[in-house]
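Fair warning: this is a prediction, and the values are worked out from it, not measured in the lab.
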Amino acid sequence: MSLALWIAVHAAEALFCLWVLRWGGAERLEGSFASGLISNFAPRWSAEGLRMAALILLVFCAITFVVGLFVPSLRCWVGGSC
């Protein structure tokens, strides 16, 4: 995976997580089918549960982003496709 694509994917994921955490995304997704973007169990979660899951995903996104910057061979492993 190229560096530009790696950055774009992580930026999109981070923006989605921030939308859920800070900009009312949790309330909009609460109880909807679209909340499955966060987790398979998410349709049963409250807005607070969705925020917690988004925070965990954001931390994981940041860790994998930094690892991928310094170890390019892991971009395929973390991102899922090469």
Side-chain angles (χ1 to χ4, degrees):
M1 183 180 293
S2 72
L3 181 60
L5 182 58
W6 179 257
I7 292 171
V9 166
H10 279 280
E13 183 179 0
L15 281 174
F16 175 74
C17 289
L18 285 173
W19 175 70
V20 171
L21 280 169
R22 308 271 308 178
W23 300 315
E27 287 80 16
R28 293 197 64 173
L29 292 176
E30 185 177 17
S32 72
F33 180 73
S35 63
L37 293 171
I38 294 177
S39 170
N40 291 339
F41 302 110
R44 294 181 239 156
W45 290 352
S46 66
E48 289 299 316
L50 290 171
R51 281 191 201 96
M52 180 188 65
L55 179 62
I56 292 168
L57 286 173
L58 187 61
V59 169
F60 183 73
C61 176
I63 291 169
T64 58
F65 179 73
V66 170
V67 168
L69 282 178
F70 293 110
V71 186
S73 63
L74 291 179
R75 290 182 200 159
C76 297
W77 178 73
V78 175
S81 63
C82 294

Contact list for residues 54-63, test side chain to side chain donor-acceptor pair (under 3.5 Å), sequence neighbours left out: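 Found none.
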Partner set under side chain to side chain contact (heavy atoms under 4.5 Å, CB included) for Val59, not counting sequence neighbours: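 Only Ile63 meet the side chain to side chain contact (heavy atoms under 4.5 Å, CB included) criterion with Val59.
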For Leu55, all residues meeting side chain to side chain contact (heavy atoms under 4.5 Å, CB included), sequence neighbours excluded: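 Leu21.
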Would you list the pairs meeting salt bridge (Lys or Arg N to Asp or Glu O under 4.0 Å) in which at least one residue belongs to [range], sequence neighbours left out?
range: residues 47-61; value: Glu27-Arg51, Glu48-Arg51
range: residues 4-22; value: none
range: residues 52-64; value: none

Distance (rounded to the nearest 0.5 Å) between Phe70 CZ and Phe65 CZ: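 The CZ atom of Phe65 is 9.5 Å from CZ of Phe70, to the nearest 0.5 Å.
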Separation between NE2 of His10 and CG of Leu15, rounded to the nearest 0.5 Å: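 Between atom NE2 of His10 and atom CG of Leu15 there are 13.0 Å.
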Leu57-Trp19 co-clustered via ILVMFWY side chain contacts under 4.5 Å: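 Same cluster: Leu57 reaches Trp19 through Ile, Leu, Val, Met, Phe, Trp or Tyr contacts under 4.5 Å.
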Heavy-atom closest contact (Val20 atom, Leu50 atom, distance):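 Answer, listing the atom of Val20 first, then Leu50: CG1-O, 3.8 Å.
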Least distance between heavy atoms, Ala26 atom then Ala47 atom: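 Heavy atoms only, the tightest pair is CB-O, 3.5 Å.
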